[in-house]
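Quick notes on the structure that follows.
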Amino acid sequence: MSHVTPHYLQRLPNLPLSDAAWEEIDATDFVEIPLLGVVAAGLPMEACPDNEAIHVPSRMVRRNTYALRVRGDSMIDSNIFDGDIIIIERFESAENGETAVVQINNQEVTLKRLYIEKSGVRLQPANDDMPPIYLKNDDVQVLGLVMGVMRHATTSH
């Protein structure tokens, strides 16, 4: 059985996350980062830290980088698919419209576009078939922002 080399997509700076906001990069020198579990791209699910690690190109890694495996289809319009591994830089805040990993009520973790509105926070899927989630500011904590995607070529996107 041949070894399938993953594809690495690095986020282009200063662009909203969409199909055009990614650049495929060559994997040369690798750095190990922790794979901390699964993030829901869909309904929020409980965070479950794993003690795994993955190797990603060093240029995708900054100060405080980790990875999460995506479950669900809510971010497909941002070119993030079920089964992808997303590379996250740990941040505690996000710009309006930014794609962020957020924790809801100190329990579930989900991946959504974050919009700050007068009434609170809107977590918007990048999939027209799925409704947004509305929450109070105090119920949402930003854990990090998406910097890259690692995709195994076995999935056809």
In this structure, CE of Met75 is separated from CD1 of Ile86 (nearest 0.5 Å) by 8.5 Å
For the CG atom of Asn79 and the CG atom of Asp84, what is their distance to the nearest 0.5 Å? 7.5 Å
Just wondering, are more than 12 heavy atoms of other shown residues or ligands nearer than 6.0 Å to [atom1] in [X]?
| X | atom1 | value |
| --- | --- | --- |
| Glu117 | CD | yes |
| Glu32 | CD | yes |
| Asp128 | CG | no |

Sub-4.5 Å side-chain heavy-atom contact between [X] and [Y]:
| X | Y | result |
| --- | --- | --- |
| Ile85 | Leu35 | yes |
| Arg122 | Arg113 | no |
| Phe30 | Ser58 | no |
| Val102 | Leu123 | yes |
| Ile33 | Val61 | yes |
| Arg71 | Asp82 | yes |
| Leu114 | Val121 | yes |
| Glu52 | Pro34 | no |

Nearest atoms (heavy-atom pairs only) where [X] meets [Y]:
| X | Y | result |
| --- | --- | --- |
| Ala67 | Ile87 | CB-CD1, 4.4 Å |
| Val39 | Leu111 | CG2-N, 3.7 Å |
| Tyr115 | Asn96 | CA-OD1, 3.0 Å |
| Met150 | Val56 | SD-CG1, 4.2 Å |
| Lys112 | Ser74 | NZ-OG, 3.4 Å |

Would you give me the side-chain donor-acceptor pairs under 3.5 Å for residues 130-147, sequence neighbours excluded?
none

Without swapping roles, check the side chain of Asn64 against the backbone of Arg90 for a donor-acceptor pair under 3.5 Å. no
Between Asn105 (side chain only) and Gln107 (backbone N and O only), is there a donor and an acceptor less than 3.5 Å apart? no
Salt-bridged, Glu89 to Arg62, with N to O below 4.0 Å? no
Pairing residues for Arg59 by the salt bridge (Lys or Arg N to Asp or Glu O under 4.0 Å) criterion, not counting sequence neighbours: Glu23
So Ile88 and Thr65, side chain to side chain contact (heavy atoms under 4.5 Å, CB included) or not? Walk me through it. CA-CA 6 Å; Ile88 305 295; Thr65 304; over 6 Å; no
